Amino acid sequence: MSAYLKKIETLANLAPGSISEAKTLEELEALRLEYLGRKGAVTEILHSLAQVPAEQRPVLGKRANELKKEIERLIKAREAELENEQFDREIARHRMDVTLPGFKPWIGSIHPLNQTQARINEIFFSMGFSLAEGPEVEDEFHNFEALNTPADHPARDVQDTFYLEGGLLLRSHTSPVQVRHMQAHKPPVRIISPGRVFRRDTPDASHSPVFHQVEGLYVDEHVTFGDLKYTLEQFALQLFGPAGKLRFRPSFFPFTEPSAEVDCLCVFCSGKSCRVCKGTGWLELLGCGMVNPNVFKAVGYDPERWTGFAFGLGIDRICMLVHGINDIRLFLESDVNFLSQF
Ligand code: PHE
């Protein structure tokens with residue numbers, strides 16, 4: 001066998017193994033250069049064909065070309081293999097289990113206080129009341145004086161009310177909205193005024209310096225305490241269902257005369273006595289009364305002609321009762337775990 005043919009066959013034996021052992025595209029490229037590059041083994045063989053005796057040239061040349069084609073084919077095949085492996089590795093890296101449950105989009109919920117307020121509004125709207133709103137920053141006239149609350153009344157103490165500069169204050173109830181409404185409208189009046197109110201209370205489970213009220217006002221000719229009682233009883237029935245029984249206790253507010261505090265039968269024990277009602281069977285619900293003639297005078301209504309009732313209830317407290325929430329501070333904490341339950 002000529003030395004030339006020997007070179008070809010040695011390479012033909014060696015190349016397939018080395019190519020199939022290439023582990024990366026880089027290694028394969030190095031092999032390609034080693035065989036087929038400008039100084040590569042196969043290239044050299046083809047170049048040295050000139051030195052082979054002329055009669056052997058066609059046969060040897062054909063064999064050398066076959067070798068070149070074979071090596072090119074092997075490299076291409078191995079290249080495809082390596083590319084496939086690389087692709088599989090990429091896929092494996094990004095693999096996902098399409099049978100896993102998806103992520104639920106986060107849907108917000110309406111704050112329990114807003115839900116409760118909406119429910120209270122709805123009940124009073126159904127009885128013909130309409131909405132009245134007013135500022136949270138008030139003056140002493142609307143928050144106190146017009147409501148027959150004289151300067152020496154304890155509610156006007158800095159201990160109880162947040163005073164601001166310039167004779168202003170944060171409203172301590174939503175009754176000033178009723179004063180503003182009466183100043184702007186002639187009777188008859190039938191409004192509820194829900195909103196935020198502020199009092200200097202040290203926060204604990206049942207006190208918060210910011211809380212929410214709905215106050216109601218009904219002014220017309222010949223309005224009686226019976227109207228007030230019936231209105232509130234209907235309200236309690238709609239809010240709590242047949243269990244919503246009320247009890248009226250005499251009380252005092254500067255802006256109403258007579259005044260009453262209203263309890264509802266404990267919604268937790270139906271009056272049997274439990275921890276929530278502290279064994280009394282009743283829960284304090286709201287304050288109310290017949291509008292004091294002095295309030296009518298302050299807003300320019302004739303107290304001889306007009307009569308009316310007013311009531312005020314705490315939304316936070318009702319929301320706590322309805323949902324069995326035991327700490328008023330939860331309403332202000334924006335804790336999603338708490339809020340998303342409603
Ligand atoms: N404004 C009173 C309060 O905040 C509640 C109330 C309103 C009482 C109307 C009687 C009549 O405590």
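Everything quoted here is computed from the prediction, not taken from an experiment. In each ligand, atom 1 is the first atom listed, and ligand 1 is the first ligand listed. Note: hydrogens, waters and symmetry copies are ignored here, and every other heavy atom, side chains too, is used.
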- Item | Asp327 vs Arg329, salt bridge (Lys or Arg N to Asp or Glu O under 4.0 Å): CA-CA, chis, key distance, verdict | CA-CA 5 Å; Asp327 195 323; Arg329 292 168 292 192; 2.9 Å; yes
- Query: Does Phe309 reach ligand 1, in the sense of a heavy atom lying below 4.0 Å from it?
  - Reply: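 False for this residue.
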- Message: Quick check on Gln178 - does any of its heavy atoms sit under 4.0 Å from an atom of ligand 1?
- Response: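 No; Gln178 lies far enough from ligand 1 that no heavy-atom distance drops under 4.0 Å.
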- Item | Sub-3.5 Å N/O-N/O distance, His173 and ligand 1 |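 So ligand 1 has an N or O lying under 3.5 Å from an N or O of His173.
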- Is Ser175 close to ligand 1, meaning an N/O of one under 3.5 Å from an N/O of the other?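 Between Ser175 and ligand 1 (N or O atoms, distance only) the closest approach is under 3.5 Å.
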- Query: Does the side chain of Thr256 reach to within under 4.5 Å of the side chain of Cys288, using non-hydrogen atoms?
  - Reply: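 With C-beta onward as the side chain, the pair stays apart.
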- Query: With a 4.0 Å cut-off, would you call Arg63 and Glu9 a salt bridge?
  - Reply: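 Looking at Glu9 together with Arg63, the answer is yes, because their closest N to O distance falls below 4.0 Å.
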- Message: For a ring pair (Phe, Tyr, Trp, His ring centres under 6.0 Å) check, start with the C-alpha distance between Tyr301 and His185, then their side-chain angles and the critical distance, and finish with the verdict.
- Response: CA-CA 10 Å; Tyr301 282 10; His185 299 86; 9.8 Å; no
- Message: Could you walk me through whether His153 and Phe144 satisfy the ring pair (Phe, Tyr, Trp, His ring centres under 6.0 Å) test, starting with their C-alpha distance in whole Å, then the side-chain angles of each, then the deciding distance to 0.1 Å, before giving a yes or no?
- Response: CA-CA 9 Å; His153 191 278; Phe144 292 125; 7.7 Å; no
- atom 1 (N) of ligand 1: which protein heavy atom is closest, and how many Å away?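 It is Glu215 OE2, 2.8 Å.
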Atoms in ligand 1 flagged as close to [X], the criterion being non-hydrogen separation under 4.0 Å:
X	result
Phe311	7 (C), 9 (C), 11 (C)
Phe253	8 (C), 10 (C)
Cys288	8 (C), 10 (C), 11 (C)
Arg199	3 (C), 4 (O), 12 (O)
Phe255	1 (N), 2 (C), 6 (C), 7 (C), 8 (C), 9 (C), 10 (C), 11 (C)

- Is it the case that more than 12 heavy atoms not belonging to Gln159 sit under 6.0 Å from its CD atom?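 Atom CD in Gln159 is not packed in, count stays at 12 or less.
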- Task: Check step by step if ring pair (Phe, Tyr, Trp, His ring centres under 6.0 Å) holds for Phe309 and Phe225.
- Result: CA-CA 7 Å; Phe309 66 72; Phe225 201 96; 8.8 Å; no
- Task: Pick whichever of Ser259, Ser251, Ala310 has a heavy atom sitting closest to atom 11 (C) of ligand 1.
- Result: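 Of the listed residues, Ala310 has the closest heavy atom.
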